[in-house]
Amino acid sequence: MNTKLLIKWLALWAMTALPVSAKDYTIVSPKGLNVITLDDGINLRISHCGKDILHVKAGLVLSEHGNGKGQARMVNVQAIKSVRKQKVQEENIIAPFYRQTQFHITYQQMDVRLSDGVGMQVRAYDEGVAYRFLTENNKETVILDEIVDFGVQSEAKAWLAYSTNDQKPFAMAFQNVFHETTLIDAEEKHVFLPATIETGNVKVTILESDLRGYPGMFLKKHKGQDGTSLKATFPNYPKKMAYYNWRGMSHVEQTEDYIAKSSGKRTYPWRVMAITENDVDMPVNNMVYALATPNQIGKTDWIKPGKVAWDWWNDWNLTGVDFEAGINTQTYLYYIDFAAKYNIPYVVLDEGWYNSAKGDIMNPIQAIDLQKIIDHGRQKDVGIVLWAVFNVLDEHLFEACEKYAAMGIKGWKVDFLDRNDQTAVEMAERIAKTAANHHLILDYHGFYAPTGMSRTYPNILNYEGVFGMEECRWAKKETDMPRYDVTFPFIRMMAGQVDFTPGAMRNGTKNDWVECYQKPVSMGTRCHQAACYVVHDSPFTMLCDAPTNYEKEPEYTSFIAQIPDEWDETKVLQGELGSYIITARRKGTTWYVGGQTNWDGRTIQLPLNFLNDGPYTVSMLTDGINANHNAEDYRLTTASHHNGEQLDIVMASGGGFVLKITPKTNQDSTR
């Protein structure tokens with residue numbers, strides 16, 4: 001496309017976006033909390049409780065011809081043909097393997113028909129607002145750009161995760177801490193989603209949902225005539241791919257001049273703005289899941305969440321065994337026996353079981369007798385999950401799924417997508433669909449934050465897209481993991497599940513933590529690690545440390561291993577973004593409560609008023625009295641309590657706790 005022509009059209013769009021004698025169209029959320037006013041420049045003015053909090057400029061730049069070339073034209077709402085406001089809609093959403101089994105949500109929708117077969121849907125929820133475009137013609141549509149410009153006050157506080165690749169910002173693993181800054185002081189770097197802005201007395205978190213056959217959205221600070229804003233930017237459609245010399249991993253070498261292309265009628269991703277007054281409402285906001293396409297794979301009774309004994313983080317560091325530990329059959333038989341002993345349903349074979357340098361996924365290395373490993377796991381009721389690079393699996397997709405499913409594996413851990421252009425997003429969906437056809441579960445790593453795909457393909461149990469525990473293998477001492485640990489649940493977890501890979505048995509205080517690749521150490525206490533299994537939405541989650549380290553402390557290992565991986569109900573009882581979080585989850589009649597703090601130690605008062613009447617047995621895993629000196633110090637105690645009582649719980653620096661609360665009349669109802 002002619003760049004000068006595009007700039008000319010964007011300038012024209014900016015002028016037409018001004019509210020000059022424009023007709024406004026308004027919808028209101030069911031309880032009247034959030035109001036969206038749309039004018040004839042595709043400007044959305046969003047207010048909360050009567051106060052303007054956000055202005056969004058929206059638009060599409062389409063190719064005149066269906067090939068990404070030729071004259072560009074702007075589709076905007078000045079060409080409105082009709083506007084229809086719907087009555088308040090109600091949905092009861094069944095949500096397998098989500099933070100609760102089902103939830104109820106309501107909204108009002110406005111349907112806008114534009115020119116040239118383009119439409120727009122706008123929704124007002126009490127939890128936030130969202131909009132998306134759609135095309136209604138049967139021809140090919142080539143999108144040169146999508147305009148999304150979030151305008152807030154320049155002094156607004158923001159939490160932004162920057163791309164870690166300055167040269168190629170769209171090529172990276174979507175892993176970084178959230179930088180707390182004012183918008184005007186933010187770096188002019190690409191930001192991956194989600195991102196949070198504090199404006200007035202609310203926080204607005206920018207997300208996307210139902211990302212299918214379209215590139216993911218990034219943000220970048222933009223200084224314009226109207227002030228500072230966050231403006232969307234998108235990776236272009238790949239034109240030529242190349243391969244790195246390691247792992248057989250593909251990457252984009254050249255791109256087209258457009259961001260997306262498609263044929264026929266379709267909808268595009270939802271632009272989601274979750275609005276929260278209280279931090280505790282952030283981790284349990286359900287908009288991303290609710291806006292996604294419903295289940296496309298049918299029955300889900302074959303899908304089994306569960307914990308995973310993991311090899312890579314602990315560097316295969318078994319001790320006291322009579323064989324050489326590593327990527328070999330004996331090591332994985334040992335992992336399986338450990339998993340069976342503690343009722344852990346899965347073992348993952350991470351990188352190394354096939355020659356990843358050659359991308360030879362169809363043939364395990366000679367040191368691995370995969371059928372023997374799978375058969376031993378079957379005898380012990382432990383399923384095997386295999387690691388693979390995204391494009392390597394995709395290039396052998398049907399034959400690999402058919403072969404290894406027939407051998408008896410339970411799923412794939414798929415890694416190193418490291419991009420979210422349209423073809424990458426299509427690959428992720430293609431793998432999900434094919435894996436489901438073979439009854440294989442998925443864990444997506446090196447992947448962008450979820451966009452509701454777990455509703456569409458429930459066999460995707462978990463996603464990375466988080467600055468997780470692996471960082472402790474190479475992080476620097478100044479890296480503030482405990483602060484990040486009580487930041488991302490409020491922001492990143494709004495998008496969906498997180499594969500943080502917790503469970504470290506070597507734990508360091510702020511003063512004594514050391515970087516160690518072969519024998520990694522977590523930042524914060526042992527109980528801070530245990531709390532991850534309650535605080536995180538994570539139906540498929542690792543026990544990251546070596547089996548022999550867990551076996552030295554069987555009481556602790558038994559306690560974390562039996563924490564459920566599916567939940568009937570989730571609440572965040574207390575918390576403040578960046579400071580601490582306390583989450584309660586219910587499975588049946590048993591409650592688990594997990595708490596974590598940053599490097600600031602604190603004592604919290606926990607009323608048990610979320611419980612029903614009756615006496616309860618409370619098992620308490622808490623930081624030991626010496627945890628500020630030795631982060632591995634903990635206590636496991638049991639006592640009786642009632643719902644009217646209050647517990648005072650001390651968390652050490654970088655500390656945490658887990659409570660298991662069981663009705664005395666139903667002591668066995670724990671799973």
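Given the structure is predicted, the values throughout are model-derived calculations rather than measurements.
No cation-pi contact links K571 to F610, judged by a cut-off of 6.0 Å to the six-membered ring centre and 45° from its axis.
F192 has its ring centre less than 6.0 Å from the ring centre of F174.
Salt bridge R483/E180: present, at least one basic N to carboxylate O contact under 4.0 Å. We find that D39 and R45 are not joined by a salt bridge, their nearest charged nitrogen and carboxylate oxygen being 4.0 Å or further apart. Between R271 and E208 a salt bridge is recorded (basic side-chain N to carboxylate O distance below 4.0 Å).
Residues R419 and M427 share a closest heavy-atom pair of NH2-CE, 3.7 Å. In terms of heavy atoms, T451 sits closest to A292 at O-CB, 4.3 Å.
Taken from CG in L219 to CG in L230, the straight-line distance is 5.5 Å, to the nearest 0.5 Å. Separation of atoms OG1 (T541) and CZ (F500) is listed at 9.5 Å; rounding is to 0.5 Å. Put simply, CZ on R492 and OH on Y484 are 7.5 Å apart, with the number rounded to the nearest 0.5 Å. Between the CD atom in Q574 and the OH atom in Y580 there is a gap of 4.5 Å [rounded to 0.5 Å].
Between Y98 and F103, the ring planes lie tilted relative to each other; the angle falls in the 30° to 60° range. Using a 30° and 60° split on the angle between ring planes, H536 and F488 fall in the tilted class, from 30° to 60°.
Q86 and D111 share a donor-acceptor pair across their side chains, judged by distance under 3.5 Å alone.
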